[in-house]
There are 2 protein chains.
Amino acid sequence: MATDTLDSIAKKCGCSVSTVSRVLSGKAHSYRISEKTEKRVLEEAGRANYQPSQIAKSLRLGKTDTIGLLIPSIDDTFFSSITSVIIREARKHGYKVVSAETQEDERNELEGLSTLMASNVDGIIAIPSGEKSSVYEDVKRRGIPTVMLDRYYEDIHDIDVVSTDNYQAARMAVDHLVSMGHRRIGCVQGNSDTVTSRVRARGYRDAMKSHGLEASIMLKGSEFSIESSYDSTRDMLSDNCPPTAILALSNKILLGAIRSIQEKGLRVPEDISILSFDDNSLFNFLSPKITCIAQPVHEMGLKAVETLIAKIKGETETSRMFLSPSLVIRESVKRI
Amino acid sequence: MATDTLDSIAKKCGCSVSTVSRVLSGKAHSYRISEKTEKRVLEEAGRANYQPSQIAKSLRLGKTDTIGLLIPSIDDTFFSSITSVIIREARKHGYKVVSAETQEDERNELEGLSTLMASNVDGIIAIPSGEKSSVYEDVKRRGIPTVMLDRYYEDIHDIDVVSTDNYQAARMAVDHLVSMGHRRIGCVQGNSDTVTSRVRARGYRDAMKSHGLEASIMLKGSEFSIESSYDSTRDMLSDNCPPTAILALSNKILLGAIRSIQEKGLRVPEDISILSFDDNSLFNFLSPKITCIAQPVHEMGLKAVETLIAKIKGETETSRMFLSPSLVIRESVKRI
DNA sequence: AGTTTGCGCACAATCGTTTGCGCAAGTACA
DNA sequence: TGTACTTGCGCAAACGATTGTGCGCAAACT
């Protein structure tokens with residue numbers, strides 16, 4: 001069954017495509033189409049359950065009502081939550097979203113970006129994976145509205161950013177641990193190519209320093225993965241003078257740390273306290289329930305979509321937004 | 001910076017659009033374009049970093065190289081895992097994916113489907129939410145290739161299906177519990193509008209019966225949600241003669257059950273054993289590690305994409321595939 | 001009777017590709 | 001010089017929508 005087109009409907013109604021188009025887009029009155037014709041067209045379109053071809057529309061109008069989402073991996077609770085928000089929010093505004101995964105690989109990032117651009121998306125929300133901002137030059141040259149979400153490039157100021165105030169977040173985390181009596185606080189970081197890890201680590205270091213504590217030897221880790229975190233934590237725990245608390249800079253890092261702690265036969269929080277980034281509904285079910293720094297996932301998705309759409313609609317000033325994290329106190333930090 | 005088009009390149013090269021098109025699609029030879037012209041075009045296109053407009057291509061060719069994914073919610077580990085597989089697999093075959101969420105609401109399902117069809121996706125992978133298969137009539141009438149993933153309609157046989165053998169899965173689960181000595185086995189199900197829940201419940205009942213056990217009073221639940229499962233489990237545990245083991249028919253149901261068990265002050269598996277559906281990397285970190293029935297997520301995504309593409313390419317026979325689940329034994333089931 | 005005005009709609013261009021068909025100029029051969 | 005190919009490429013239609021312009025006709029004026 002071939003899909004109906006303006007043309008096929010026009011034929012059935014005995015009028016021209018333009019008339020059908022105008023009726024269906026509600027411009028019947030301003031183009032002085034008679035009520036009789038209008039009704040006829042409406043009827044015919046209704047029974048055919050006519051849907052205009054978005055493709056033809058896009059070609060004509062130069063927009064696709066589609067936003068591209070470039071994300072490391074949807075299979076990660078933080079990213080999937082934010083993706084979910086973005087999809088819902090985009091739809092509210094009449095946008096579809098097509099997603100591409102980078103797997104944290106810069107080549108995939110470049111390729112994904114090309115695919116998105118070739119698909120003529122109206123704008124892009126990207127959580128960059130690579131360290132080189134040059135990946136986004138093509139996007140900039142073509143003037144495709146873009147907002148960086150969560151991660152961004154510190155040296156680029158003409159692309160919009162929506163992120164968490166990660167520096168503040170890390171400081172909050174350290175402050176909480178210190179207020180609970182901890183002084184030997186280890187920190188397991190992610191890939192230092194990413195700002196999030198760098199900024200969080202900086203927050204950690206500065207906070208430690210301002211409490212008069214030593215940070216340098218307690219900061220380990222090189223990847224946002226369970227395996228890497230497992231190794232780093234193990235090293236940390238085998239130290240002569242191991243930390244009494246560990247700050248995990250992401251949910252995956254948390255998991256690696258937990259595994260390593262379990263293997264050592266240690267218990268949380270009795271033997272060691274732990275505080276993680278990235279809240280997650282499952283954290284309430286881990287044993288013990290994990291105290292964490294929650295990023296404002298919903299607000300992040302919301303703002304990302306909103307600012308992207310503002311850009312698409314012609315807003316010109318670029319904005320850099322750093323939303324406030326919050327501390328969710330549960331049971332994984334012991335007072336000592 | 002306006003994007004380059006065939007036309008703009010043609011002008012720069014002093015030849016026609018058709019020539020440029022043919023060169024760039026590698027048909028230079030068969031259309032007898034001279035090497036000189038070919039090189040000239042290739043050069044110009046290279047320096048402009050020309051990307052053909054997929055929209056124009058789609059309009060002309062009648063395909064978008066896009067597959068639509070209709071999913072209850074990406075913010076659920078089972079669905080996000082499968083989404084991730086689908087996105088990757090689709091890209092391998094040169095397809096993009098645009099996703100729509102239903103939130104388990106039939107109205108959203110219908111709307112999402114319309115949106116996808118209007119976007120002229122080449123095919124649709126759907127995890128249906130509603131109970132009425134009529135939602136898919138429009139899709140069928142238009143002849144859009146579709147495969148139902150995970151969930152499907154038992155009364156419809158002309159749409160392809162890729163799912164788990166849920167009946168077998170439930171039987172495996174019960175058999176395992178029985179082999180561990182359990183005889184009072186409760187089961188918390190999801191929304192019985194969905195086949196998955198119905199078939200799993202049937203498997204549970206039949207397995208119980210074939211072991212000579214009572215199932216009827218031990219089967220509760222009405223929704224795939226933490227809250228609903230929490231309520232059902234609580235009721236079950238307040239029974240005079242509570243179960244010694246609980247079979248949770250999804251990961252969300254597991255969480256509700258755990259919460260309820262925790263509140264009762266019971267311990268898993270000492271006081272009560274639990275076996276869940278839907279494996280998840282976090283299950284290794286719950287305390288205790290959860291024994292579960294794992295669906296072949298990767299294979300499901302893979303097969304869904306493969307059969308959809310086969311359909312798109314013109315394959316006609318419809319297939320119904322029920323992949324084998326596997327039992328992952330961890331620590332949440334005690335021998336009694 | 002001639003001119004204006006308003007009504008109801010159709011024509012045709014346009015967006016960027018792909019592709020069937022055919023044309024002009026060159027070469028070969030008789 | 002005429003016929004017959006070959007070479008190299010352009011023309012134009014088509015995909016399905018949107019939209020500025022203008023045409024034909026009748027009623028209402030002057």
Side-chain angles (χ1 to χ4, degrees), chain A residues 1-42 44-45 48-66 117-122 142, chain B residues 1-42 44-45 48-66 117-122 142:
Chain A
M1 174 84 37
T3 327
D4 275 272
T5 69
L6 277 192
D7 195 61
S8 71
I9 297 198
K11 285 213 175 70
K12 288 185 209 163
C13 296
C15 62
S16 75
V17 264
S18 32
T19 300
V20 178
S21 170
R22 292 197 250 250
V23 167
L24 295 180
S25 50
K27 293 178 190 138
H29 190 67
S30 57
Y31 275 94
R32 299 172 316 201
I33 310 289
S34 69
E35 294 209 353
K36 204 178 61 179
T37 309
E38 183 177 9
K39 211 154 80 179
R40 179 104 176 72
V41 168
L42 249 22
E44 203 59 58
N49 193 11
Y50 170 76
Q51 300 267 86
S53 155
Q54 293 301 323
I55 294 187
K57 242 172 136 159
S58 296
L59 184 58
R60 179 72 234 273
L61 267 23
K63 64 192 188 105
T64 52
D65 293 326
T66 300
M117 290 188 307
S119 313
N120 299 56
V121 294
D122 292 344
R142 300 200 192 196
Chain B
M1 174 86 36
T3 328
D4 274 272
T5 68
L6 280 190
D7 196 63
S8 72
I9 297 198
K11 284 212 176 71
K12 288 183 208 165
C13 296
C15 63
S16 74
V17 262
S18 30
T19 300
V20 179
S21 170
R22 293 196 251 249
V23 167
L24 294 179
S25 50
K27 292 175 190 141
H29 190 66
S30 58
Y31 276 94
R32 297 172 316 200
I33 310 288
S34 69
E35 294 209 352
K36 204 178 60 179
T37 309
E38 182 178 9
K39 210 154 83 180
R40 178 105 175 73
V41 168
L42 250 20
E44 203 60 58
N49 195 9
Y50 169 76
Q51 298 268 87
S53 154
Q54 293 301 323
I55 294 188
K57 242 173 135 158
S58 296
L59 184 59
R60 178 74 234 273
L61 266 24
K63 65 193 188 101
T64 52
D65 293 327
T66 299
M117 290 189 306
S119 314
N120 300 57
V121 293
D122 292 344
R142 301 200 192 195

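Being a predicted model, the structure only gives us computed values, none of them experimental. Letters A, B, ... are given to chains in the order of the sequence lines, protein chains preceding strands, and every chain is numbered from 1. We use all heavy atoms of the structure for the numbers below, so side chains are in, but hydrogens, waters and symmetry mates are not.
- Within the 4.0 angstrom heavy-atom criterion, base atoms lie near A:Ser16.
- Listed nucleotides D:dG10, C:dT19, D:dG20 differ in distance to B:Thr19; the shortest reach to its side chain belongs to D:dG10.
- Closest approach to the B:Leu59 side chain among D:dT19, C:dC7, D:dC15 is made by D:dC15 (side chain taken as heavy atoms from C-beta onward).
- Distance alone, capped at 3.5 Å, is enough to place a donor-acceptor pair between the B:Thr66 side chain and the B:Thr64 backbone.
- A:Glu35 has its CD atom 16 Å from the C1' atom of C:dC9, to the nearest Å.
- The pair A:Asp4-A:Lys12 counts as a salt bridge, with a side-chain nitrogen and a carboxylate oxygen less than 4.0 angstrom apart.
- Here D:dG8 is the nucleotide among D:dG20, C:dT19, D:dG8 with the atom lying nearest to any side-chain atom of B:Arg32.
- Close to C:dG20, at under 4.0 Å from its OP1 or OP2, lies a side-chain N or O of B:Tyr31.
- For A:Ala56, the side-chain atoms get nearest to D:dG16 when compared with the rest of D:dG16, C:dT17, D:dT21.
- Where A:Asp7 and B:Val17 meet DNA chain D, the nucleotide closest to each residue was compared, and B:Val17 sits on the side nearer the 5' end.
- For B:Asp4 and C:dT17, the CG to C1' distance is 15 Å, given to the nearest whole Å.
- Candidate nucleotides C:dT19, D:dG16, C:dT17 were compared by shortest atom distance to the side chain of B:Leu61, and C:dT19 ranks first.
- Side-chain proximity of A:Lys57 to the nucleotides C:dC9, D:dA17, C:dG20 is greatest for D:dA17.
- Atom CG in A:Asn120 sits roughly 10 Å away from atom C1' in C:dG16 (whole-Å rounding).
- The nucleotide whose nearest atom lies closest to any side-chain atom of B:Ser18 is, among C:dC9, D:dA12, C:dC21, D:dA12.
- Using a 4.5 Å cut-off on side-chain heavy atoms (C-beta onward), B:Arg32 and B:Arg22 make no contact.
- Between the side chain of A:Ser25 and the backbone N or O of A:Ser21, at least one donor-acceptor pair lies under 3.5 Å.
- By the 4.0 Å N-to-carboxylate-O rule, A:Arg40 lies close enough to A:Glu44 to be salt-bridged with it.
- Distance CZ (A:Arg40) to P (C:dC9): 12 Å, rounded to an integer number of Å.
- In the set C:dT19, C:dG16, D:dT19, C:dT19 carries the atom at the smallest distance from any side-chain atom of B:Ser21.
- B:Leu24 places its CG atom 13 Å from the P atom of C:dT19, with the value rounded to the nearest Å.
- Considering only side-chain N and O atoms, A:Tyr50 lies nowhere under 4.0 angstrom from the phosphate OP1 or OP2 of D:dG16.
- The side chain of B:Leu6 has C:dT17 as its nearest neighbour among D:dC9, C:dT17, C:dC9.
- A:Ser119 places no side-chain N or O within donor-acceptor distance of the main-chain N or O of A:Val121, the cut-off being under 3.5 Å.
- As rounded to whole Å, 14 Å separates atom P of D:dT19 from atom CD1 of A:Ile33.
- In this structure, the NE2 atom of A:His29 is 13 Å from the C1' atom of C:dG8, given to the nearest Å.
- Interface remark: the A:Arg22 side chain does form a donor-acceptor pair with the D:dG20 base, using a distance-only criterion of under 3.5 Å.
- Nearest-nucleotide assignment on DNA chain D puts the 5′-proximal partner with B:Thr37, out of A:Ser53 and B:Thr37.
- Between the NZ atom of B:Lys11 and the P atom of D:dG10 there is a distance of 13 Å, given to the nearest Å.
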